[in-house]
Amino acid sequence: MRWSDTLIPTLKETPAEAEIVSHKLLLRAGLIRKLTGGLYTFLPLGLRALRKVEQIVREEMNSAGALELLMPALQPPEIWRQSGRYETARDVLFKVRDRAKKEWVLGPTHEEVITTLVAGEINSYRQLPKNFYQIQTKFRDEIRPRFGLMRAKEFIMKDAYSFDATDEASQVSYRKMFDAYTRIFQRCGLKTIAVEADTGVMGGKFSHEFMVPAETGENEVVFCDGCGYAANVEKAASRVSAPSALNATPSTIEKFATPGVLTIEALTEAPYNVAADHQIKTLVYKVESGIVLILLRGDDQLNEAKLTGALGTATFRPAEPEEIFTALGAHPGSLGAVGVSKFTVYADERLRSAAGMTTGANEDGFHLRHVAVDRDIHVKHWSDLRLVRAGEPCLKCGQPLKVQRAIEVGHIFRLGAKYSQALNALFLDEAGKQQPAIMGCYGIGVTRTLQAVIEQSHDDNGIIWPVSVAPYTVCITPLNVAPDSEVMKRAEQIYADLTARGVDVILDDRNDRPGVKFKDSELVGFPIRVGIGEKSLAKGEVEVKPRAGALIPVKLEQAVEKVLELIKHTLA
RNA sequence: CGGAGCGUAGCGUAGCUUGGUAGCGCGUCUGGUUUGGGACCAGAAGGUCGUGGGUUCAAAUCCCACCGCUCCGACCA
């Protein structure tokens, strides 16, 4: 490809819409352009990189035995009603109507479609296992699209669905996908960590997320250098110390005045001096069935994903101040669970047997001290509800845990029979008995992966593409583009030779000053630049410059071999 | 949806407080000089100042409404 024949609209200045470096570089390097919030056009260069990611995904999925197919993006709402997700996923579903006013949904994911297909086509254990995948555009009515391709209303996802006869077989399928994902991200040049994850609205037994460590990531992962434990913070647990107030001498509850004290923090100060770990934090939530109380130690934070697990539902919200006052007779800041029997009380494990605690009195301006949880509070459900923090000892080995922000690029789930049961994907087993297929589902955000590569691999001058996903592997930069010049003739020859050897090459034939061409090639981030100018040519040399390495003078006749060698060894 | 901020030429922005001819840089076009790290000179094109309404002799500027974008939170590949 000749630079002047394609469209690479690089920008010197950063458009105001971009906040994080990968988004800025996607725009500046001329890879994408925004149509409107959350919707982007891939320009020729961006599309080439995207296709390379897709191809890696395709190759690894195929070699893991998965079968590619393509399902409709437009789906009938009936199958979503059948699976129950028409309600549970309604917030992300784009809905459209046809001319007959019939409603359709734009697929945010395809469990319903694939399960419907399998219900019709697979009837026997002899046809299992099967794993189907597609690379396709998904639509999600995101609350807030952001960071360019990172979270968009429309994005490209690879989604795969495994069907097995037994739970054990399903675990094998899961493992195969886990391994395939590891290879895919490795080939994309990404450092990823696989973490234990919460299953969220997808449902299922357990799951792993593939995370790219990055400060700009939207997730937090907790990991241990000692034993390799790694989990999404929503799921992570740690070995935390028992309440220090445990040994406090038992004494009767005492109410005391705390005018104006509305926070844990305020109660830690004089004249009260109650340490946060001697306080009980009382949160009031509204669930469908009514009001519930959540108790945590004063210095702990609620993990809402864990609360979802404890409550058995994801439909809850913090109660409004009026609702709280109606329920407990006090406002936030003076709340407590002592003597409360009307509402279900959920408490974090860390409060078990805690004594000598201080909590709100359910009377504005008053607190209670000398509270013993076991004696004074009727806790209905005990569970782990707290957010893990950096430095806490690892659950498995006791080493201090670390916390790191990360970008989620892949997520794999074991679904069990949830969808196969709802959509009648049944088969006959060896004994002639009807069974629901055991499913797994496996997603990769392809467009997001592309951006994650940039987020993880760049410098002040621009993108540093790994060879595997670079839009072009080599950029040839002649400093004189007059067709009859020696420089241009040599450039053309190298271009032809490399192309003949199967290398993706772009020839920067623009009649621009060297500085402009060097800056652009570095901004776009081609892995190798071959510079040809009068000075080097006078010595019979060209300049081979790896994007992230030092310039290498190479004899003209060895240039092609040198480039091929670099691609094969140093950069692959 | 709640909170914050911003909409002026393709991009980045000044002007708004205190109403009075819409300015600068980059990019684009023409001519010339240049040619190893985002050149220089001369000239040129390009603007519904987000949209609608209001106040006023006069609105980019003040007021109201709406729309859009960005950031923080809930959602997620």
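Naming convention: chains lettered A, B, ... in sequence-line order (proteins, then strands); numbering from 1 in each chain.
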Any N/O donor-acceptor pair, [X] side-chain to [N] base, under 3.5 Å:
X      : N     : answer
A:E543 : B:G36 : yes
A:E13  : B:G27 : no
A:D512 : B:G38 : no
A:T14  : B:G12 : no
A:R140 : B:C76 : no

Under 3.5 Å donor-acceptor, A:R58 side chain and A:Q55 backbone: no

Could you check whether [X] gets within reach of a base, just the sugar-phosphate, or nothing at all, counting any heavy atom under 4.0 Å?
X      : answer
A:R529 : base
A:E304 : nothing
A:N511 : nothing
A:V516 : base
A:G531 : nothing
A:A452 : nothing
A:L11  : nothing

Between A:R2 and A:E492, does any side-chain N to carboxylate O distance fall below 4.0 Å? yes

Looking at A:D179 and A:R175, is any side-chain nitrogen of the basic one under 4.0 Å from a carboxylate oxygen of the acidic one? yes

Over all heavy atoms of both residues, which pair between [X] and [Y] is shortest? Give the atoms and the distance, please.
X      : Y      : result
A:D508 : A:K517 : O-NZ, 3.0 Å
A:A237 : A:K306 : CA-NZ, 4.2 Å
A:P471 : A:R48  : O-NE, 2.7 Å

Would you tell me if any nitrogen or oxygen in the side chain of A:K517 comes within less than 4.0 Å of OP1 or OP2 on B:G37? no

Hey, are the side chains of A:L450 and A:F42 touching, using non-hydrogen atoms and a 4.5 Å cut-off? yes

I want to check something: taking the side chain as every heavy atom from C-beta on, are A:L385 and A:L295 in contact at a cut-off of under 4.5 Å? no

Rounded to the nearest Å, what distance is computed from the [atom1] atom of residue [X] to the [atom2] atom of nucleotide [N]?
X      : N     : atom1 : atom2 : answer
A:L43  : B:G10 : CG    : P     : 17 Å
A:R90  : B:C76 : CZ    : C1'   : 17 Å
A:R513 : B:A39 : CZ    : P     : 5 Å
A:R151 : B:A77 : CZ    : P     : 9 Å
A:M150 : B:C75 : CE    : C1'   : 16 Å
A:M61  : B:A77 : CE    : C1'   : 14 Å
A:E534 : B:G37 : CD    : P     : 14 Å
A:L7   : B:U28 : CG    : P     : 13 Å

Same-atom distance ([atom1]) from [N] to [M], integer angstrom:
N     : M     : atom1 : value
B:A9  : B:C72 : P     : 26 Å
B:U61 : B:G54 : C1'   : 15 Å
B:A65 : B:C41 : P     : 49 Å
B:G27 : B:U13 : C1'   : 14 Å
B:U34 : B:C16 : C1'   : 43 Å
B:G3  : B:C66 : P     : 13 Å
B:C49 : B:G7  : P     : 15 Å
B:G31 : B:G47 : C1'   : 27 Å

The residue, A:V446 or A:P514, whose nearest nucleotide of RNA chain B is more 5′ is A:P514

Which is more 5' along RNA chain B, the nucleotide nearest A:E522 or the one nearest A:E209? Just name the residue. A:E522

Dot-bracket for RNA chain B, 5' to 3', counting Watson-Crick or G-U wobble pairs under 3.5 Å, with [ ] for crossing pairs and | for inter-strand pairs? (((((((..((((......[..)))).((((((.....)))))).....(((((..]....))))))))))))....

Sorted by chain and residue number, the ring pair (Phe, Tyr, Trp, His ring centres under 6.0 Å) partners of A:Y174 (sequence neighbours excluded) come out as A:F206, A:H208

Check the pair A:M157 / A:I444 against side-chain contact (heavy atoms from CB on, under 4.5 Å), numbers first and verdict last. CA-CA 6 Å; A:M157 179 160 119; A:I444 290 179; 5.9 Å; no

In 5'-to-3' order, the base (B), backbone-only (S) or no-contact (-) status of each nucleotide in nucleotides 68-73 of chain B, using a 4.0 angstrom heavy-atom cut-off, is SSSBBB

Scan side-chain atoms only and decide if A:H411 and A:S207 contain a donor-acceptor pair under the 3.5 Å cut-off. yes

Does one side chain, of A:E111 or A:S83, offer a donor that lies under 3.5 Å from an acceptor on the other? no

Stacking between A:F155 and the base of B:A77 (centre distance under 5.5 Å, interplanar angle under 30°)? yes

